[in-house]
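Scroll down for the structure; my scribbles are underneath it.
We're numbering straight along the sequence, starting at 1.
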Amino acid sequence: MTKNRVIVFTILLFCMIFRYSFLGFEYFPTTDDNNQYGIYNLRNDNIYENVIQHYKGYNVRPLAFFTDAYVFSWFWDNMYLLLLIMIIMHFFTSVMFENIMEKLGFKFGLLGMIIFTLSPFLVQSTYWISAASRLVVSLFLCISSIRLFICYIEKKEKLSNWKKVGMIFLIFLLNILSVGYYEQTIVFNFIFFVYVIYKYRNKIFYIVPSISTTLIGIYYYISIKNNAMQERGNIRLDGIIEHISHTISFLWEKFVPMQASLLKHGIINGFDNSFAIIMAVILGIILAFFVKKEMIPNEGKYVRGFILGIVLFVVPFAPFLILQDSSADVRNFYISYLGLGLMASSVYYGILGKAKHFKVINVVVLPVLVFTFMICNYYEISNYKNIYEFDNYITAEIIDNVDSKIFDGKEELYVDYDIEILNFKNKNSVARSVLEEDWALMGKIQLMRDSTNIGQIIMRQAGIPGVYIDKNLEIKLNNIYNN
């Protein structure tokens, strides 16, 4: 790797960090974060009994559940540090994938890396730690195992027997770990690893993705047979054709309109923070200076690269075609963005790369794209902050206005609200308030009271005695609890 490329990659890493730090070096937890990290942290005096046995979340995505409980929950008091770890994993995933593509003769390049690392469409999957702890971690492990495989093939003649054994063990370990975090990674890992092994003509290594996929498949099968599988992990067999058609339509509606909306509103509303604008401009200018020194190859497998990009974009959605719960969200496009970046780069470098003044085009296009993405990222993070502050306020109001006896763990608390109070949340944002899920509000109340001993929270039960929050954010107690 050239010195110039190292500098360019370092600038990209700074961009990844600053886009989530425009509002300060802090993290704004929402919904699942409160339960997975905050509540687990409250219970960490005996993790096995109070978390593992209490929640039994190991039947689906087992390693994600155990990692949350034993590792990530300890970051609750400094979630920004955990966010930095996720950013670094995301960055190295991009670097390793770019290197893998280069070795296979394809051009992912800086354009592909910018799309995969800075796109505002991926904020939910990379900023929201509840999602990043599954998607970012699993893909990092997957790509690491594949990159290590290539390294082993290239250097095995010079390695001692002990080093060979060590590298093979790490390849197996990383690959097996990668499939324990998310269903999409299971499919992507198998297809992509098999393809890379095929290209390197080393058939014995087919055993690696085969064993990983088989092990997690057996684990899920046992969970299903024991009726211990969560609904989202169950396979749907009835009406499968109609289900697949509905899922494809649903994903298309999520991808095209939502992506266009995020970019549109991010550009329109992303200029109200002068620090964000100044930093985006400075980093864009610095990037432009070094981009002009990048050598762009005139030859490459651009058509094949585009086709491979399509495959890698589509493959991660295979689980949603057969699983009972096909409610994919914006975060589920994270892995697919490797394929999108490869498609975009194949077109960009394959067509424009032949232009006489391509270096000039490159110096303009890439920095402008970085600037645009960073501004849109700022806008989306500001939405997360607004929701975080709103959740804190409304939860404190509920706690202050409801009789404390409701929190003795024996009563249910019904909460209803005027839908207009969520108008603070831009409809183009993917961030969610705790008011939108009863378990999320319950977790928030537990955290703010520093106690897990409260009754069940039930949302949206209009007309039933309980707490009502009107559009002016006033708490109305139309129930027996305030007697």
Side-chain angles (χ1 to χ4, degrees), residues 1 5 9 12-13 16 63-64 67 85-119 122 125-126 131-155 167-200 202 205-206 208-213 216 305 308-309 311-316 318 331-343 345:
M1 185 180 294
R5 175 162 283 199
F9 287 176
L12 183 60
L13 176 59
M16 293 176 69
L63 293 184
T67 306
I85 293 172
M86 296 298 163
I87 292 173
I88 292 170
M89 283 187 177
H90 186 189
F91 169 74
F92 279 108
T93 298
S94 180
V95 172
M96 289 188 290
F97 185 79
E98 197 275 341
N99 183 258
I100 292 170
M101 289 296 99
E102 186 176 19
K103 290 182 177 297
L104 294 176
F106 302 116
K107 185 65 178 177
F108 188 65
L110 187 56
L111 175 64
M113 293 181 71
I114 290 172
I115 291 173
F116 177 64
T117 58
L118 297 178
S119 172
L122 299 183
S125 57
T126 58
S133 61
R134 278 103 176 108
L135 287 159
V136 174
V137 173
S138 64
L139 188 60
F140 171 76
L141 293 169
C142 166
I143 298 299
S144 294
S145 67
I146 296 172
R147 180 63 188 90
L148 191 59
F149 158 74
I150 294 174
C151 183
Y152 171 81
I153 296 299
E154 292 177 342
K155 298 182 178 180
M167 288 186 72
I168 292 173
F169 173 77
L170 277 177
I171 292 169
F172 267 97
L173 179 63
L174 291 171
N175 205 254
I176 290 172
L177 291 176
S178 72
V179 299
Y181 284 87
Y182 214 72
E183 294 81 14
Q184 286 184 287
T185 310
I186 298 172
V187 181
F188 176 85
N189 173 70
F190 182 81
I191 298 298
F192 187 48
F193 205 165
V194 165
Y195 174 76
V196 173
I197 294 169
Y198 167 77
K199 297 295 289 185
Y200 273 87
N202 202 303
F205 273 92
Y206 283 131
V208 178
S210 298
I211 288 179
S212 298
T213 307
I216 194 64
L308 178 61
V311 173
L312 297 183
F313 182 84
V314 173
V315 159
R331 61 183 175 275
N332 297 115
F333 285 88
Y334 174 68
I335 299 175
S336 294
Y337 256 63
L338 287 176
L340 183 66
L342 183 57
M343 282 189 282
S345 295

For Tyr152 and Phe205, I'd like to know if the aromatic rings sit close, meaning centre-to-centre distance below 6.0 Å.
yes
Measure from the ring center of Tyr182 to the ring center of Tyr334 and say whether it is less than 6.0 Å.
no
Do Leu12 and Leu118 have side chains that get closer than 4.5 Å, going by heavy atoms?
yes
So do the side chains of Gln184 and Leu135 get within less than 4.5 Å of each other, counting heavy atoms only?
yes
Where the side chain of [X] meets the backbone of [Y], is there a donor-acceptor pair that is under 3.5 Å apart?
X: Ser119; Y: Phe116; value: no
X: Ser178; Y: Asn175; value: yes
X: Ser345; Y: Phe108; value: yes
X: Ser145; Y: Cys142; value: yes

Ala318 and Val187: which non-hydrogen atoms are nearest, and at how many Å?
CB-CG1, 4.0 Å
Residues Leu122 and Ile115: closest non-hydrogen pair is CD1-O, 4.3 Å
Mutual orientation of the aromatic rings belonging to Phe193 and Phe149 [parallel < 30°, tilted 30-60°, perpendicular > 60°]
perpendicular
Parallel, tilted or perpendicular for Tyr195 and Tyr198, by the 30°/60° rule?
tilted
Would you say Tyr200 has more than 12 foreign heavy atoms packed within less than 6.0 Å of its OH?
yes
Could you measure the distance from the CG atom of Leu177 to the CG atom of Leu63? Nearest 0.5 Å is fine.
6.0 Å
